[in-house]
Q: 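First, the structure itself, so that you have it in front of you.
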Number of protein chains: 2
Amino acid sequence: MRIGELSKATDVPVPTIKYYLREGLLPAGELSSPNQASYGDTHVRRLRLIRALIELAQVPVATVKEILESLDSDTEPLHEQIGRAHRALTPTRRLSATDEARTAATTQVTGLIADRGWSVDPEAPALATLIDTVAALRTLGQDNLVAHLDTYADAVERFTQFEIDAVTTNPTRDQLAESVVIGTILGETLIASLRLLAQESISADRWKNR
Amino acid sequence: MRIGELSKATDVPVPTIKYYLREGLLPAGELSSPNQASYGDTHVRRLRLIRALIELAQVPVATVKEILESLDSDTEPLHEQIGRAHRALTPTRRLSATDEARTAATTQVTGLIADRGWSVDPEAPALATLIDTVAALRTLGQDNLVAHLDTYADAVERFTQFEIDAVTTNPTRDQLAESVVIGTILGETLIASLRLLAQESISADRWKNR
DNA sequence: GCTTATGGATACTGATACTATCCATCACAG
DNA sequence: CTGTGATGGATAGTATCAGTATCCATAAGC
């Protein structure tokens, strides 16, 4: 398959494919001569994955690169691969909220994690985001939402459990890792849009008049 | 309160505040003379909301503007306000996945919505995103995840229900609308980080060895 | 009266995600 | 075997975004 065919197969413009090649998101094709390379099925699948992450999940190109690198390093233990992807996915440096809200949020969140017996690396970036978010919700006066953090955690625990089950059926380690990463990222988009639809429907019933 | 104090109170640099004023995210302060304005508590709260949306939820500035405009138009019915915010929040133009996957995804999603009796505007942007996401997951070979769309919907329905309940306690219509919007957007960040933590914890237990 | 801050306007910056252009091959149809 | 079009690789250009920086005439506060 030449680049033009790859482009047709995935509906990605040739210059964009070249860009992804330059950036190292897509491995180079096999060169048969200095200016002739052939691409295979792996390239088609990889390219589709790249586009799904970028267009659907809005993951920045640099982050996609990190994630793919972590997927391709099959020497790493699975848990480490997942951790790398998580780290790449969670933007660093956030700040908002007052100091009181921050400390309150920190105790609430650490309490929640302890209660549920979750084993969480205190350095996990998602932990910082969670604390910041709870703190922000408090500062914005949404305490009644924050009060039900546990209900959120219940629901989340439920589908995370089954996601892991669903994904564990994958035969090989590589496929497993890929499934986890795709599930993590596109799963988020899936949940977000389901949530929007549910909200729209429930709110329509509830507030017809206001 | 002058701009410097507003800056100190919210930890947002003065030039950034000026930028938000220019962009119309933040209403102008009350002018006491041609180059002296005073800002009040509304500005502090509004600014904190802006930063939470931008930093935590990664909402683009232009979208924040749309959302705030919709919040400020208290003539609109509540459901319309929410719809506007949803529309602003969901990026248009996505494409990926093969045609077979698209049609399969469309039937599955419309089936799900019918089964649950959700009343969803067929033009709702979240609907398109959901279909695209399901289609992408199929194209990427993650059928076992997609097979459990219903389980996701169950969990999502559960916390959406209670979110709406929690938010309904708000006394005034304006506060209700603000709560819905904040809950929708920061709730997503909340759920996403909870999910990451749950995943990390469960996957650590499950795949210690792989 | 002197330093600092302010409102308002305009200009500049760095990052991101592509697009466009060039050019020296290559493939291959006629 | 020659002309047309695609290709790999390199380099340059573009649009958008989210601020920063600079200027200036005025106002505040010591």
Side-chain angles (χ1 to χ4, degrees), chain A residues 1-40 43 47 49-68 88-89 91-96, chain B residues 1-40 43 47 49-68 88-89 91-96:
Chain A
M1 206 191 293
R2 298 209 304 285
I3 203 172
E5 305 174 76
L6 180 58
S7 164
K8 229 149 267 166
T10 55
D11 214 34
V12 176
V14 172
T16 305
I17 297 179
K18 285 188 172 188
Y19 167 62
Y20 292 153
L21 287 166
R22 279 203 301 283
E23 295 298 306
L25 299 200
L26 200 60
E30 208 184 326
L31 283 179
S32 57
S33 53
N35 68 335
Q36 215 63 200
S38 78
Y39 305 90
H43 293 94
L47 195 45
L49 175 55
I50 293 170
R51 295 255 66 176
L53 297 184
I54 290 177
E55 291 188 31
L56 234 42
Q58 317 252 76
V59 179
V61 169
T63 306
V64 172
K65 190 186 175 187
E66 281 184 72
I67 291 169
L68 295 177
L89 238 28
T92 39
R93 310 211 103 295
R94 276 145 288 90
L95 269 152
S96 263
Chain B
M1 207 190 293
R2 297 212 303 288
I3 202 172
E5 305 173 76
L6 180 58
S7 164
K8 229 149 267 166
T10 54
D11 216 35
V12 176
V14 172
T16 305
I17 297 179
K18 285 187 172 188
Y19 167 62
Y20 293 153
L21 286 167
R22 278 204 300 285
E23 295 297 305
L25 298 200
L26 200 60
E30 207 184 325
L31 282 179
S32 57
S33 54
N35 68 334
Q36 214 63 202
S38 79
Y39 305 89
H43 292 94
L47 195 45
L49 174 55
I50 294 170
R51 299 278 356 184
L53 297 183
I54 290 177
E55 291 186 32
L56 234 42
Q58 317 251 78
V59 179
V61 169
T63 307
V64 172
K65 191 187 175 187
E66 282 185 70
I67 291 169
L68 295 178
L89 238 27
T92 38
R93 311 207 101 294
R94 274 145 288 93
L95 270 151
S96 263

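As the structure is a prediction and not an experimental result, all values here were calculated from the model. A, B, ... follow the sequence lines: proteins, then strands. Residue 1 opens every chain.
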Q: Identify, between Pro34(A) and Arg2(B), the residue whose nearest nucleotide on DNA chain C lies closer to the 5' end.
A: Arg2(B)
Q: Would you check if the side chain of Ser38(B) reaches a backbone N or O of Arg2(B) as a donor-acceptor pair within less than 3.5 Å?
A: no
Q: Whole-Å distance between dA5(C) C1' and Met1(B) CE?
A: 16 Å
Q: Side chain of Tyr39(B): nearest nucleotide among dG19(D), dG8(D), dG7(C)?
A: dG7(C)
Q: Separation of Ile3(A) atom CD1 from dC26(C) atom P, in whole Å?
A: 17 Å
Q: May I have the distance from Glu5(A) (atom CD) to dA27(C) (atom P), rounded to whole angstrom?
A: 14 Å
Q: How close do Ala28(B) and His43(B) get, heavy atom to heavy atom, and via which atoms?
A: O-NE2, 3.5 Å
Q: Using whole Å, report how far CG of Asp11(B) lies from P of dG19(D).
A: 14 Å
Q: Looking at DNA chain C, which of residues 13-27 of chain B put a heavy atom within less than 4.0 Å of it?
A: Lys18(B), Arg22(B)
Q: Distance check needed: dC17(D) C1' versus Gln58(A) CD, whole Å only.
A: 14 Å
Q: Measure from CG on Leu31(A) to P on dA27(C) and round the result to the nearest Å.
A: 12 Å
Q: State, to 0.1 Å, how close Leu31(A) and Ala37(A) come at their nearest heavy-atom pair, and which atoms those are.
A: CD2-CB, 3.7 Å
Q: Is there a side chain to side chain contact (heavy atoms under 4.5 Å, CB included) between Val61(B) and Tyr19(B) once you walk through the steps?
A: CA-CA 10 Å; Val61(B) 169; Tyr19(B) 167 62; 4.0 Å; yes
Q: What heavy-atom pair brings Leu26(A) and Leu6(A) nearest, and what distance separates the two atoms?
A: CD2-CD2, 4.5 Å
Q: If you look at every heavy atom in Thr63(A) and Ala88(A), which pair is closest and at what distance?
A: CG2-O, 3.2 Å
Q: Within this structure, what is the CD-to-C1' distance between Gln36(A) and dG5(D), rounded to whole angstrom?
A: 12 Å
Q: Within this structure, what is the CG-to-C1' distance between Asn35(B) and dG8(C), rounded to whole angstrom?
A: 9 Å
